Protein chains: 6
Amino acid sequence: MDLLPSDLVNRLVQDALAEDIGPGDATTVAIIPAEANAVACMRARETIVVAGLQFAEAAFRKLSPSVTIKWHSRDGKSEPAGSTLLEVSGPARALLSAERTALNFVQRLSGIATITASYVREVIKTAVQVLDTRKTTPGWRQLEKYAVKCGGGVNHRMGLYDLIMIKDNHLAALREAPEGAIAAAVAKARAAHPHLRVEVEADTMEQVQQAVAARADIILLDNMPLAQLREAVKLVNQRCETEASGGVTLATIRAIAETGVDYISVGALTHSARSVDIGLDFEE
Amino acid sequence: MDLLPSDLVNRLVQDALAEDIGPGDATTVAIIPAEANAVACMRARETIVVAGLQFAEAAFRKLSPSVTIKWHSRDGKSEPAGSTLLEVSGPARALLSAERTALNFVQRLSGIATITASYVREVIKTAVQVLDTRKTTPGWRQLEKYAVKCGGGVNHRMGLYDLIMIKDNHLAALREAPEGAIAAAVAKARAAHPHLRVEVEADTMEQVQQAVAARADIILLDNMPLAQLREAVKLVNQRCETEASGGVTLATIRAIAETGVDYISVGALTHSARSVDIGLDFEE
Amino acid sequence: MDLLPSDLVNRLVQDALAEDIGPGDATTVAIIPAEANAVACMRARETIVVAGLQFAEAAFRKLSPSVTIKWHSRDGKSEPAGSTLLEVSGPARALLSAERTALNFVQRLSGIATITASYVREVIKTAVQVLDTRKTTPGWRQLEKYAVKCGGGVNHRMGLYDLIMIKDNHLAALREAPEGAIAAAVAKARAAHPHLRVEVEADTMEQVQQAVAARADIILLDNMPLAQLREAVKLVNQRCETEASGGVTLATIRAIAETGVDYISVGALTHSARSVDIGLDFEE
Amino acid sequence: MDLLPSDLVNRLVQDALAEDIGPGDATTVAIIPAEANAVACMRARETIVVAGLQFAEAAFRKLSPSVTIKWHSRDGKSEPAGSTLLEVSGPARALLSAERTALNFVQRLSGIATITASYVREVIKTAVQVLDTRKTTPGWRQLEKYAVKCGGGVNHRMGLYDLIMIKDNHLAALREAPEGAIAAAVAKARAAHPHLRVEVEADTMEQVQQAVAARADIILLDNMPLAQLREAVKLVNQRCETEASGGVTLATIRAIAETGVDYISVGALTHSARSVDIGLDFEE
Amino acid sequence: MDLLPSDLVNRLVQDALAEDIGPGDATTVAIIPAEANAVACMRARETIVVAGLQFAEAAFRKLSPSVTIKWHSRDGKSEPAGSTLLEVSGPARALLSAERTALNFVQRLSGIATITASYVREVIKTAVQVLDTRKTTPGWRQLEKYAVKCGGGVNHRMGLYDLIMIKDNHLAALREAPEGAIAAAVAKARAAHPHLRVEVEADTMEQVQQAVAARADIILLDNMPLAQLREAVKLVNQRCETEASGGVTLATIRAIAETGVDYISVGALTHSARSVDIGLDFEE
Amino acid sequence: MDLLPSDLVNRLVQDALAEDIGPGDATTVAIIPAEANAVACMRARETIVVAGLQFAEAAFRKLSPSVTIKWHSRDGKSEPAGSTLLEVSGPARALLSAERTALNFVQRLSGIATITASYVREVIKTAVQVLDTRKTTPGWRQLEKYAVKCGGGVNHRMGLYDLIMIKDNHLAALREAPEGAIAAAVAKARAAHPHLRVEVEADTMEQVQQAVAARADIILLDNMPLAQLREAVKLVNQRCETEASGGVTLATIRAIAETGVDYISVGALTHSARSVDIGLDFEE
């Protein structure tokens, strides 16, 4: 895994610490002597795929440049319950004040990596790639897309700027005759952005046909039943790439993959991941 | 519900739009004429408790000051599947470019409000208050705590600065004799911050006893079985307030409430809420 | 022309005014009474294509919300020497203090629009599109790419994130056998970013051949003489798009266009544009 | 040459990298292994005066703290075509991703230094100083004024705050009798800002006379023909300093200098400099 | 003394240097050679209690990472006139340009520490704690509260968020019958913020009585004469804590302390402290 | 009085409110109904010169755009104890939450205006101007210099960038023969910054003589006894301007003014001003 840029990590960790600590960790400063040291281990309390250890490291370091950090795992790795992920030693105050912030990042990102891995596992030995969506927590898109990669998924577009995606609402607002709308939209998009790929959402076989004719790069087959997906893949016949979306669950993804589509996008990777259970154990 | 401060809302929406739109919404600007108008309704696609409509309004307004917004619901209200939450009309480009950002905020915050409401419903007709925790998405604490209130929950401390919370790790780092540690910690905390309340985590009946003796304001009864909770409440006998935490689920919260504790804190309100299903339907 | 987002405009104008005015416009505040009013016209002093009037408007408005602005032209329009572009009336202090900042934006952006228009004029009645490059002033990319559009040009990629561009240095760092390098690089790029288009730089006919075989979307024909360009276009035979770059001047662009390439990219649009002459005339 | 403050350099480089790389350098991360190393030399491809090497160094370092940089030249030095300016070695990814940003800074700043040096060379063996103006790229004033110094020029005021400059528009807004306007304006300025120097723009010999009588520190002789400049210098007779501006080109600056003025200000140093040609060559 | 977080210190010092130096220290750069070194000592010119040495260190370091700093004192220590507080050696330019900024921080913070210490000295051998207030310089609250601690004082609440403080204006806006207002206000506050302490302002003995009945944590006895303070302390009889405020001077604080209140809050610690005299002496 | 730029005011008020309110005004939101309205008057409780009413207005407006503000005074005006300065009506919550922030600004700035006016009153009917210094609260320089003008003072330089000020430490670091140091320093400064005035600090009559010979614009007569000041003024004989500094108090300033110096600078205006007493009275 390529790590996230340290600038991004540091900025987010700084803001998160400010949010939690505000004008000061009242308890820790009052009770713990400045010179007390401690050692603590971050441990998985269930089976997880790890993501976000950089954030934990940055949180401890930001509060004390003198902490020592030892990585016992790395992002993208699957770890059984009980595994130590990271060991940190240094001033007890820094460890206590950064604990919650460090855990909040790692629990949430590992939650996304873990659920992603479970989807990817279902489509093993198919050529399908599992994609994320733009249904991310505002402010966290780069992090959440990174966690998807940790879990073995592939990133769809980052935002509205790096892929043309023509949806029904675009066609509607265009107010062209239905049979010419996709062609017109693709032409306009190509002229304005010659270097971007063009994906077209299709809800019907007519639209699939029109998208192929308009030479779209990718066709989004939205909410189609399995039989229709199979038919669409056959109609496209490799002239464009195909992506299935809608109604994808752990129970259905295998069957969808077997229709022959190239990609399956899954909103749940980011919009419904729960934080996994990870704790920070202080050693005696 | 008191709304969130508009400064906070505007800043987060601005950053979220920048994240999604980056240097430009390539599709929309290429295809949709600048002068095209549209009307769209944000609708719940399952039963939800609403939270975060301000963010949707701000997202549309930020992209076009001339949009017209009509609220059909309000934060804190329960709405059945199919309800319209918000109606927006104005330049089609603004509606299309802000759609995902608006939905990402409302889906996530309503998800938290909805799960909170389900916990609160379980303890109906008890005196218990359902509290959140600090297990929030970094950068989103004020939002997520606001959504908890929309769901009928009560906010625990905002961060490390507005309540003294003495945990086992604080006591360990103190290296006092066990029987004197709580008293010593409370005394230090009181001296440093005379105006903050003091909560003490207790894992055993001895610690409960010591916390009462040290005149803690609140005792956190951590991960205790029901019988022990009951015993602790009896021992405390109103001299302090009591809070139960650990192992709280929809299945267990009623029984915990009936032990007589004053508060139950539930990490899952924020760390395991999924986004609820809400869509933006463009009118013909 | 679609205008730039007002947030971007306002932020840049605010910073520019802070840079020029610092702690205060010493001359104007000392000499001009607060209640004095004035009227001034921004006029072209040579023939130009206009770009950036929003910035002028924002600069005056930022210093006094009560100014009145009348646009006499618009971005993208060609105007002869002597034309009035904008008329502003209001507090004399605001007009005098914002004058230089307003002009600095409009002169520079109109300079880019004007030189772009002169390149576009040369390729009239060909199918070629004139593209810009990433050779922009750091911090000004969105503005300069906008000015290129005002002059009739088309934007190439915004940055390193919205198009795969495989250059010789990428191939070199890969350390594959030369004949397989392009295929390997395209394959890796496609797997990591299925939704981005792939452009491959080719310096030789062998590389053109390999890029076609690797199914690149676009081939960059770098620094090729006219005869070789013609040959490359023929070899590609519409299977990919083609872009010529290197050695493009007003004197050579027509001949390059006539080789049949789809795009010509011109660094000089942004890296060598001079500011055009525009003044602010105060009326008696 | 005194270098620019590293805070300023780092902030601008950070923003420039964010602008170019956005959410990620898609090509480089996909194709180049994280562990690949490379060596590259930044070389002048025409004769230049160097400015801005700090920015190149900062761009590479920001992407990888482990790069090694060797300076082969320094800001303010004239270098023939083919000279190596800087050598950088380290992770190939960092070198490739920072390349364009590093070049954009050095090419533009060296362009200003180079054109400045050509003006300065024309007035050799006169006492004249070549000054810049406020006609700079918004956001870049400190950089561009620094580049002027690299080329042997001298900086005029930084902005509206560090010199009183009374222009015709200030006098007009004052609505005094013409013969008393300059005296009144200078008096007001002196009273408000006793510690700032006062420069007065003069278009006629009467205004020159009035500026001398008002004890201006400097008189700006604006757009005067050579004969009139000579006459003005004689009239002033060392009682104030004199600055010529308007119509200054490489062809005319020598004759203007020989009229005896103390300064000549040249807008073209910053508003019409083109980027010079500099490349980054990767070693095999 | 626990030092202030270095992030806060660095940010404030950076802004302060930008404010003072702006685009450059014109004198120092023009006159002092870049390679000149110097040694200077920061010395108290009157008897002071020290606060803020971190800021001086940060100011010098920010302008030159190569300065050497030797602390001869520390925050919270009382030092006689003539004492050396800090010794700095390094590039003369850095020392000269940072001098005023370094002194402005240390003089102002030590001023607060010094006046605080004089109040604390008056109540020696009583159990009273001397508290600060929210009457601080906007933007400087954390700094000024830190300086109060350096002088031996104790911090009252940081802001409106970490303690409930019910004042007459809150009761008035409530428009309840006077005898029930305090009880109602306390009840509302407890329900909304179970984890915050509640302080009630009382101007009369009736209000003291009501506050005790409402189980306030602290009662603020505002502007009461000594006899009434004594009576109030007796009435409260340890059931709540008590704080006196209003009319507190060096001449009156001892008598107020002897009434038996727990705290005395003193606005003058921050709103009327003068900067103490500290200089930077350059060694030959 | 020209008011401060509203951008500056708004930014500082926003930060100050964030500092005081943090995540929320716990008391006010819990107790005061959202729909309650109130009227309050800001009143002087001692005789003051007013400064900073803009900040009060901005603080109330920021918390509720619907407040109504009526100014009963204006910056720069002297007001007797009991005068109403500003009347504000609107949502009670906004008034209560902004109260302290509004007062903190106005009390501190009016404190500076008031002490400045007392110094200016002492030198009435002399030609002397009372100047401030750079001994300001970091982050507050523009505000404090503005308050000095409200009190009838005149601003010295804003920072290190808008006036050359050659002090003993500059001369020492230069390591020239003492008799040539001033001349050399002035020459260097003039060459680097032709448009800035030059002030030279003189501690002895020899240095005064050298500064006159070097054609300094202003001579700073530092810490000289009255007799020596008189002698220096005579020696300078109008060839430069003169400024006295050091040992200036309300008791000594008149005598210093009568020596004939042009300016007297007083650090105490900003470094030792106490906040004046101003309150916010809520109407029944």
Side-chain angles (χ1 to χ4, degrees), chain D residues 1-2 5 8 120 127-134 141-142 145-146 148-150 152-166 186-201 215-220 238-245 261-265, chain F residues 1-2 5 8 120 127-134 141-142 145-146 148-150 152-166 186-201 215-220 238-245 261-265:
Chain D
M1 284 312 311
D2 281 300
L8 175 71
V120 169
V128 147
Q129 290 188 306
V130 175
L131 302 179
D132 51 32
T133 65
R134 286 167 47 239
R141 185 161 294 165
Q142 266 189 285
K145 292 211 161 219
Y146 167 80
V148 165
K149 286 198 291 183
C150 291
V154 168
N155 292 337
H156 206 300
R157 61 175 172 170
M158 282 307 295
L160 294 165
Y161 50 85
D162 60 347
L163 173 77
I164 302 287
M165 167 76 89
I166 299 168
V186 171
K188 280 179 184 236
R190 289 267 188 236
H193 298 282
H195 71 284
L196 293 183
R197 295 192 93 191
V198 174
E199 180 162 4
V200 174
E201 178 184 320
R215 312 193 63 162
D217 294 290
I218 316 172
I219 303 179
L220 178 71
Q238 313 272 16
R239 287 172 296 174
C240 313
E241 295 180 320
T242 52
E243 171 184 344
S245 81
V261 295
D262 299 298
Y263 310 109
I264 302 175
S265 55
Chain F
M1 286 309 312
D2 281 300
L8 175 71
V120 169
V128 147
Q129 290 189 308
V130 175
L131 301 179
D132 51 30
T133 66
R134 285 166 49 240
R141 185 162 295 166
Q142 267 191 283
K145 293 213 160 218
Y146 167 81
V148 165
K149 286 199 290 182
C150 291
V154 167
N155 293 336
H156 207 301
R157 62 175 173 170
M158 282 307 295
L160 294 166
Y161 49 86
D162 61 345
L163 173 77
I164 302 287
M165 168 76 89
I166 299 168
V186 172
K188 280 181 183 233
R190 289 267 187 234
H193 297 282
H195 70 285
L196 294 183
R197 296 193 94 191
V198 174
E199 181 163 3
V200 173
E201 180 185 319
R215 312 192 64 161
D217 294 290
I218 317 174
I219 303 180
L220 179 70
Q238 313 271 14
R239 287 172 294 174
C240 312
E241 295 181 318
T242 51
E243 172 184 344
S245 81
V261 295
D262 299 299
Y263 310 110
I264 303 175
S265 54

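First the proteins, then the strands, lettered A, B, ... as listed; each starts at 1. The figures that follow rest on heavy atoms only: side chains count, while hydrogens, waters and symmetry mates do not. If you're wondering where the values come from, they're calculated on a predicted model, not measured in any experiment.
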Show every donor-acceptor pair shorter than 3.5 Å between a side-chain atom in residues 188-198 of chain D and any protein atom, with sequence neighbours excluded, or say none if there are none.
residue	atom	partner	partner atom	Å
Arg190(D)	NH1	Asp217(D)	OD2	3.2
Arg190(D)	NH2	Arg215(D)	O	3.0
Arg190(D)	NH2	Asp217(D)	OD2	3.1
His195(D)	NE2	Asp162(F)	OD2	3.4
Arg197(D)	NH1	Glu241(D)	OE1	3.0
Arg197(D)	NH1	Pro194(F)	O	2.4

**Q.** Which portion of Leu131(F) sits near chain D, non-hydrogen atoms under 4.5 angstrom
**A.**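 Only the side chain of Leu131(F) comes within 4.5 Å of chain D.
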Q. With a 4.5 angstrom heavy-atom cut-off, which part of Met165(F) approaches chain D: side chain, backbone, both or neither?
A.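 Looking at Met165(F), nothing touches chain D.
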Q) Which of the residues Ile164(F), Leu163(F), Asn155(F), Val154(F) is involved in the greatest number of heavy-atom pairs with chain D at under 4.5 angstrom? A)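 Looking at each option in turn, the highest pair count goes to Leu163(F).
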**Q.** Passing option when Asp132(D) is tested against Arg157(D), Lys145(D), His156(D), Arg141(D) for side-chain hydrogen bond (donor to acceptor under 3.5 Å, both in side chains)
**A.**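 Exactly one pass, corresponding to Lys145(D).
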Q. Of all residues at least two apart in sequence or in a different chain, which pass the side chain to side chain donor-acceptor pair (under 3.5 Å) check with Arg134(D)?
A.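 Testing Arg134(D) for side chain to side chain donor-acceptor pair (under 3.5 Å), a comparison that skips the adjacent residues, returns Asp20(C).
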Q | CG on Leu220(F) to CD on Glu201(F), rounded to 0.5 Å | A |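 One finds 5.5 Å between CD of Glu201(F) and CG of Leu220(F).
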Q | Atom group of Gln129(D) that falls short of 4.5 Å from chain F, counting heavy atoms | A |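 Contact with chain F: side chain only.
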